[in-house]
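Below is one structure, written out as structure tokens; the observations come after it.
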Amino acid sequence: MLQQTTVKAVIAYYERFLTHYPTVQDLAAAPQEDVLHLWAGLGYYARARNLHACAKRVAELGQFPDTVEELLKLPGIGAYTARAIASIAFGVPVVPVDGNVERVTSRLFAIEDPLPASRPLLARQAALLNQPKAAQKRPSDFAQALFDLGATVCTPRNPSCLTCPWRPACQGHAKGIASTLPRKAPKQARPTRYGVHFILQDETGHRLMRKRPEKGLLGGMDEFPGTEWQSTPWTEKEALAAAPFLGPWTACGEVTHVFTHFTLRLMIYTATLPSGHNAGIDPSFGTFRSTERAALPGVMKKCLALTVADLETR
DNA sequence: CACGCGTGGTA
DNA sequence: TTACCAAGCGT
């Protein structure tokens, strides 16, 4: 859960997750649908699918692997997480390199080559940080102290060099460039994509939803039926051709959602199905279900909230 | 190796 | 408002 996600955002999800799945066997036995439902809103949904697959593998093995090499073979466990588990859970003297450790390392050694190209060099240098005997003796404390140094002292902006225990050894500070490191390659501009979604309610308050493909964007999560997301806006005529039934539809507003790599603008249409008319809808548009039980990603929750707000002001 | 993959917080 | 950032991984 903590991969690229802040502790604050994770805690509530973590607690809820552990309540449902106290052991790795419980998680391994759960339906994917339930796992994704508990993850909905946290983002990076491949992590949920990987964690689920990982639990199944560990249950199959009968125990957790305790070496970096074996941990790396598990789904969702990469160079960082394998070393975090090995050092924190099993006392193996290795250094997990996350964003914090990359920053600390780039400053300590005054590495000016920009990310992400400098990543292999940073990893090699970071691997040397636990040479001192005290670090070898307590791999778990060393790893977590390194994270905390990065999170509270050697911060991205305005680092507290005056209170830093490593200031005497810091080449970045000596050169006066610590706060400017790590350098980063310039980023690409974020394109905009456009889509139209239809929120169709039946007489019981259930809404028409379908499951997205297992892989790719929002993989395995639920959505309201709609158009593809393309680089140009849809005309009303084009959009309505993609609707799950004839209508009439109410244009209810627009939702903007920013993903890592593109901005999404969605037009939302709503309708309530006249009773007895829900048989003619093609199954490719989904089934009528309670939104409470669905695995709706943030962008779809926004769409739903818009229709609810729109209804109340109508 | 570059890119795709969410969401919330902060300056 | 925009830009950046967060206990990265898989392809």
Side-chain angles (χ1 to χ4, degrees), chain A residues 1-14 36 39-54 71-89 94-104 106 113-123 126 140-152 154-159 179-193 212-223 229 255-264 295-302 305:
Chain A
M1 285 182 175
L2 288 167
Q3 290 168 356
Q4 290 285 281
T5 305
T6 56
V7 171
K8 187 180 174 188
V10 159
I11 288 175
Y13 284 86
Y14 175 82
L36 290 180
W39 204 281
L42 195 54
Y44 283 145
Y45 300 101
R47 294 180 301 177
R49 303 194 301 273
N50 286 333
L51 180 62
H52 193 205
C54 185
L71 285 162
L72 278 171
K73 295 179 181 172
L74 297 172
I77 309 286
Y80 160 74
T81 308
R83 285 167 180 78
I85 295 172
S87 60
I88 294 171
V94 290
V95 181
V97 182
D98 68 343
N100 287 312
V101 179
E102 282 181 346
R103 184 171 58 254
V104 170
S106 70
D113 312 292
L115 286 167
S118 61
R119 197 149 280 149
L121 173 59
L122 288 170
S140 171
D141 288 338
F142 183 77
Q144 295 187 68
L146 208 44
F147 299 155
D148 289 341
L149 184 71
T152 66
C154 195
T155 51
R157 284 168 292 217
N158 306 314
S179 66
T180 72
L181 299 177
R183 306 239 197 277
K184 301 202 172 178
K187 292 184 178 175
Q188 299 283 339
R190 202 186 337 249
T192 299
R193 294 186 195 170
R212 294 175 59 86
E214 287 296 329
K215 297 203 171 182
L217 181 66
L218 307 175
M221 302 296 286
D222 293 318
E223 68 173 4
W229 297 342
V255 165
T256 299
H257 189 78
V258 181
F259 290 98
T260 312
H261 48 299
F262 66 95
T263 298
L264 182 63
L296 291 177
V299 60
M300 288 296 140
K301 287 182 178 171
K302 265 188 211 176

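Note on naming: letters A, B, ... go to the chains in the order of the sequence lines (proteins, then strands), and numbering restarts at 1 for each one. Since this is a predicted model, take the numbers as computed values, not measurements.
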Between A/Arg47 and A/Pro116, which has a closest nucleotide on DNA chain B that is more 5'?
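So the residue in question is A/Pro116.
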Specify the residue among A/Gln3 and A/Asn158 whose closest nucleotide of DNA chain B lies further upstream toward the 5′ end.
A/Gln3
Which part of the nucleic acid does [X] contact within heavy-atom distance under 4.0 Å: base, sugar-phosphate only, or nothing?
| X | answer |
| --- | --- |
| A/Leu42 | base |
| A/Val299 | sugar-phosphate |
| A/Pro96 | nothing |
| A/Arg119 | nothing |
| A/Gly150 | nothing |
| A/Ala79 | sugar-phosphate |

Quick check for you: to the nearest 0.5 Å, what is the distance between A/His261 atom NE2 and A/Arg193 atom CZ?
5.5 Å
Between A/Gly76 and A/Ile88, name the one whose nearest nucleotide on DNA chain C is closer to the 5' end.
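First, find each residue's nearest nucleotide; the 5'-ward one identifies A/Ile88.
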Donor-acceptor contact below 3.5 Å, side chain [X] vs main chain [Y]:
| X | Y | value |
| --- | --- | --- |
| A/Ser87 | A/Ala84 | yes |
| A/Arg103 | A/Gly150 | yes |
| A/Gln4 | A/Tyr44 | no |
| A/Arg190 | A/Val258 | no |

Measure from [atom1] on [X] to [atom2] on [N] and round the result to the nearest Å.
| X | N | atom1 | atom2 | answer |
| --- | --- | --- | --- | --- |
| A/Asp113 | B/dC1 | CG | C1' | 16 Å |
| A/Met1 | B/dG6 | CE | C1' | 14 Å |
| A/Leu2 | C/dC9 | CG | P | 12 Å |
| A/Leu296 | B/dT7 | CG | P | 11 Å |
| A/Ile11 | B/dG8 | CD1 | C1' | 14 Å |
| A/Arg190 | B/dC5 | CZ | P | 13 Å |
| A/Leu51 | B/dG6 | CG | P | 16 Å |

Counting only side-chain heavy atoms from C-beta out, which of [options] sits nearest to [X]?
| X | options | result |
| --- | --- | --- |
| A/Tyr80 | C/dC5, B/dT7, C/dC9 | C/dC9 |
| A/Arg157 | C/dA7, B/dA11, B/dT7 | B/dA11 |
| A/Phe259 | B/dT7, C/dA7, C/dT11 | B/dT7 |
| A/Phe147 | B/dG6, C/dA7, B/dT10 | C/dA7 |

Would you say [X] reaches [N]'s phosphate, i.e. side-chain N/O to OP1/OP2 under 4.0 Å?
| X | N | value |
| --- | --- | --- |
| A/Gln4 | C/dA6 | no |
| A/His257 | B/dT7 | yes |
| A/Asn50 | C/dC9 | no |
| A/His261 | B/dC5 | yes |
| A/Tyr44 | C/dG10 | no |
| A/Lys184 | C/dC5 | yes |

Paired with B/dC1: which nucleotide, if any, by Watson-Crick or G-U wobble criteria at under 3.5 Å for both distances?
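Its partner: none found.
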Is there, by distance only and without an angle test, a donor paired with an acceptor across the side chain of A/Thr81 and the base of C/dG8 below 3.5 Å?
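Absent.
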Polar side-chain contact A/Thr5-B/dG8 base: donor and acceptor under 3.5 Å:
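There is none.
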Under 4.5 Å between any side-chain heavy atoms of A/Leu146 and A/Asn100, yes or no?
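Side chain of A/Leu146 against side chain of A/Asn100, heavy atoms only: no contact under 4.5 Å found.
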Could you tell me whether the side chains of A/Gln144 and A/Ser140 share a donor-acceptor contact shorter than 3.5 Å?
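Side-chain D/A pair, A/Gln144 to A/Ser140: present.
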